[in-house]
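Before any comments, here is the structure.
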Amino acid sequence: MNIQIGHDPALVESKKRLISGTYLHNAWYVAAWSSDLAAGKLLGLTILKEPVVIYRMADGKVGALEDRCAHRFAPLSMGKIVGTDRVQCPYHGLEYDTAGVCVLNPHGNKHIPPRARVKSYPVTEKHQAIWIWMGDKAPDHSTIPDFSVMDNVPALHSTKLDKIMVKANYELVIDNLLDLSHTSYLHEGILGNSETVESVISVDHDGDDVVVSRYAQSAKPPGMNVLMWPDVPAKVDKFTEMRWMAPSTMRLISGVCVPGASKESGSGYHAIHLLTPETDETTHYFFTAVRFGVFSKGDELNKQIQEKVAATRRFAFEEQDAPVIEAQQRIIDASQTAVDPVTLAIDVGPVRYKQVLKKLISAEQAP
Ligand code: FES
Ligand SMILES: [Fe+2]
């Protein structure tokens, strides 16, 4: 993060209140969708500023190593998998096992220096994604965020497993997602409209989760809801409930129902947002959606809806959210005076999650 510009401590401090510039390491982050890693494939990427290669072995298991050969730092992701589970460096052929230990030096007397090893990362697959544990503590599988809404759903009721890169710090993306008041403006017509501005907002803590709910009464349904519910009434109650789960995944329930009716009787989707910091100023953004209250009939119609929902959401994130968030990042970076945002009632969710995240990071960094 370029927050050192000017070397003014007050300026740097003010920027750190917006973007902490630190990470929770002992946590699970999404490295890829499972379907994006075929057997025999190596995928190099950066997570929390560390070069990582994830790969799938012939038996389907996934491994993750530091993507930097101990010899001359060639990226292992440019190499290949040999035997059942070894990664061979593309440059001089050193081979590493899944623990990151060099087990073959094909040259000379074949001696393997003890330092010939790379870091290995715990990795697991759940909810159609590959999760990587970035810390040094033993991985805690019970802390993989709950995305079971993605499991065992009819194929036509869930959308493409998609991804974009955002050129901004992941905290700015979380700020965006935890404050859905922006849908009435930035996504006007698609995800919100002028009639959904007036909403009752509530914020709850569920353990370390922060849940922000909005409820707009008797409003014109946004385009996305009209698309998914062909006979949607002219006026609906619109509800959204966004749950942030540390460190950086979010699960949204977004739907509409007949005014005054229960949310359960309505139609909408569970929106899945999985954010993985790449660097201080870039974020891997994985997303998909799973419908509930599916009133549209027939596979052909549901296939059309599936494709339109996926395309519309990608458009909203890539063409509407990302440009604003990336511009925010540039403005914060360039600011030569302290950045002290005006806080509104709609900001309570972002303020609360930052408190929890800061608490978790401080606890991790405590001696
Ligand atoms: S750089 Fe990997 S074997 Fe030489
Ligand atoms: Fe948005």
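Remember, predicted model here, so these are calculated numbers, not experimental data. Atoms within a ligand are numbered from 1 in the order they appear, just like the ligands themselves. If you read the sequence from its start, that first residue is 1, and numbering goes on from there.
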Rounded to 10°, how many degrees is the angle NE2/His187-the Fe ion (ligand 2)-OD1/Asp321? 90°

OG/Ser181 to CD1/Ile201 distance, rounded to the nearest 0.5 angstrom? 6.0 Å

At less than 4.0 angstrom from any non-hydrogen atom of Ala74, what atoms of ligand 1 do you find? 1 (S)

Are any N, O or S atoms from His92 nearer to atom 2 (Fe) of ligand 1 than 2.8 Å? no

By number and element, which atoms of ligand 1 are closer than 4.0 Å to a non-hydrogen atom of Cys89? 1 (S), 2 (Fe), 3 (S)

Looking just at side-chain N and O atoms, do Gln329 and Asp333 make a donor-acceptor pair shorter than 3.5 Å? yes

Distance from Met57 atom CE to Arg86 atom CZ, nearest 0.5 Å? 13.0 Å

Hey, what's the ring geometry for His25 with Tyr23, parallel, tilted or perpendicular (30° and 60° as the breaks)? perpendicular

Over 60° means perpendicular and under 30° means parallel, so tell me whether Trp131 and Phe147 are parallel, tilted or perpendicular. parallel

Nearest to atom 1 (S) of ligand 1, what protein heavy atom do you find, and at what distance? Arg72 N, 3.3 Å

Parallel, tilted or perpendicular: which fits the ring planes of Phe292 and Phe239, with parallel below 30° and perpendicular above 60°? parallel

Taking only non-hydrogen atoms of Leu94 and a 4.0 Å limit, the atoms of ligand 1 in range are 3 (S)

Restricting to N/O/S atoms, is His71 within less than 2.8 Å of atom 4 (Fe) of ligand 1 or not? yes

